[in-house]
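Here is the structure we will look at.
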Amino acid sequence: MPEGDTVWQAARRLHDALAGKVLTRSDFRVPRFATVDLTGRTVLDVTPRGKHLLARVEGGLTVHSHLRMDGSWKVFAPGQRWSGGPAHQIRVILGTADRTAVGYRLPVLEVLRTADEQRAVGHLGPDLLGPDWDAARALDNLRADPARPLGEALLDQRNLAGIGNVYKCELCFLLGVTPWLPVGELPADRAAQLPALARRLLEANRDRPVRRTTGVRGQDLFVYGRAPRPCLRCGTSVRVADQGDGSRDRPTYWCPTCQSGPTPRPGGLAGAGRRH
């Protein structure tokens with residue numbers, strides 16, 4: 001599942017393959033940009049911004065993409081068989097003399113002026129893996145809506161950029177609270193830990209092929225995807241329920257023993273749970 005660390009890895013692969021090189025192939029397979037031709041332009045850099053990718057090219061243009069749930073960028077050497085999916089899922093091809101970058105199933109793909117990048121990413125909060133990271137501002141953003149469930153607030157990229165559903169669940173576990181706990185009820189000491197903990201998790205995983213939050217190989221995640229297996233800490237069966245703001249529900253995992261706070265009732269409403 002693409003989250004901030006996954007996008008950071010994708011940006012590094014694309015940057016290593018394309019930056020400083022002249023494009024010899026440019027093929028956009030989305031109607032709005034089908035006539036755009038970037039051949040002959042040098043790729044300047046590829047930069048991640050939260051879950052967004054910004055590939056800047058000579059002439060003041062940026063190729064902006066977002067992976068969301070299923071998108072991916074693959075890089076291939078000359079003669080190498082393309083393996084990212086069937087041809088009809090290809091949205092863009094950017095090639096140089098020795099590498100070809102292929103974007104598959106990209107739900108967001110556009111070419112904009114580099115000067116206008118803020119139109120695409122200006123709404124984002126501090127980037128957990130970016131040079132603009134500001135822990136105090138991220139915490140202030142989260143606390144701005146104290147009644148909002150913590151899990152929803154963490155997924156809101158306007159608060160802080162880079163957390164997806166996996167890290168949402170793992171962070172809540174490490175903080176010892178359920179994702180349905182209102183942000184305003186998060187104990188002050190744990191709230192103070194949250195930004196640094198989130199950043200530490202993403203930094204630790206940006207160079208790993210397999211995401212790990214436990215520090216134990218073979219037991220990579222504490223709760224995400226583990227229901228109904230036993231909690232790695234206490235042995236209680238991990239639970240799962242959907243959590244969402246009405247626009248999209250996401251499977252959310254938690255341990256009913258290790259995490260205190262509201263949990264979903266039958267029918268989807270959050271009710272009182274165990275509290276420390």
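All values below were derived from every heavy atom in this structure, side-chain atoms included, with hydrogens, water molecules and symmetry-related copies excluded. Just so we're clear, the structure is a prediction, and the values are computed from it rather than from any experiment.
At distances below 3.5 Å, at least one donor-acceptor pair connects side-chain atoms of Q80 with backbone N or O atoms of A77. Under a 3.5 Å cut-off, the side chain of N205 and the backbone N or O of L201 do form a donor-acceptor pair. Between the side chain of Q157 and the main chain of G162, a donor-acceptor pair closer than 3.5 Å is present. At distances below 3.5 Å, at least one donor-acceptor pair connects side-chain atoms of T178 with backbone N or O atoms of P262. No donor-acceptor distance shorter than 3.5 angstrom exists from the side chain of D5 to the backbone of R206, with no hydrogens or angles considered.
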Report the C-alpha distance between T96 and T24 in whole Å, list the side-chain angles of each, state the deciding distance to 0.1 Å, and finish with yes or no for side chain to side chain donor-acceptor pair (under 3.5 Å).
CA-CA 5 Å; T96 69; T24 58; 5.9 Å; no
What verdict does the salt bridge (charged side-chain N to carboxylate O under 4.0 Å, His left out) test give for D70 and R68, after you've listed the backbone C-alpha separation in whole Å, the side-chain angles of each residue and the deciding distance to 0.1 Å?
CA-CA 6 Å; D70 300 317; R68 290 193 180 163; over 6 Å; no
Working note: R239 + T263, criterion side chain to side chain donor-acceptor pair (under 3.5 Å); need CA distance, chi angles, decisive distance, verdict.
CA-CA 10 Å; R239 296 184 184 176; T263 55; 5.8 Å; no
T252 and K168: CA distance, side-chain angles, deciding distance, side chain to side chain donor-acceptor pair (under 3.5 Å) verdict:
CA-CA 8 Å; T252 298; K168 175 195 83 172; 2.6 Å; yes
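Residue R158 places its CZ atom among 12 or fewer non-hydrogen atoms of other residues, nucleotides or ligands, all under 6.0 Å distant. The environment of CZ in R12 is crowded: more than 12 heavy-atom neighbours from other residues, nucleotides or ligands sit within 6.0 Å.
W254 contributes atom CH2, which lies 9.5 Å from atom CD of Q243 (distance to the nearest 0.5 angstrom).
A161 approaches L124 most closely through the heavy-atom pair CB-CB, 4.3 Å. Nearest heavy atoms, P195 versus A192: CD-O, 3.7 Å. In terms of heavy-atom proximity, L18 sits nearest to L94 at CD2-O, 4.1 Å.
Of the N and O atoms on the side chains of T62 and R113, not one donor lies less than 3.5 Å from an acceptor on the other residue.
Stacking of R226 on the aromatic ring of Y253 is not recorded, the 6.0 Å distance cut-off and the 45° axial limit not both being met.
Each of R119, E117, E110 was compared with H64 under the side-chain hydrogen bond (donor to acceptor under 3.5 Å, both in side chains) criterion, and only E110 meets it.
In the hydrophobic clustering of ILVMFWY residues, with side-chain heavy atoms under 4.5 Å counting as a link, F33 and L23 come out together.
For the pair L221 and R212, the minimum side-chain heavy-atom distance is 4.5 Å or more. When side chains are defined from C-beta on, D127 does not count as touching W133, because their heavy atoms never get closer than 4.5 Å.
In this pair, W82 and F76 present their aromatic rings parallel. The plane angle is below 30°, not in the 30 to 60° band.
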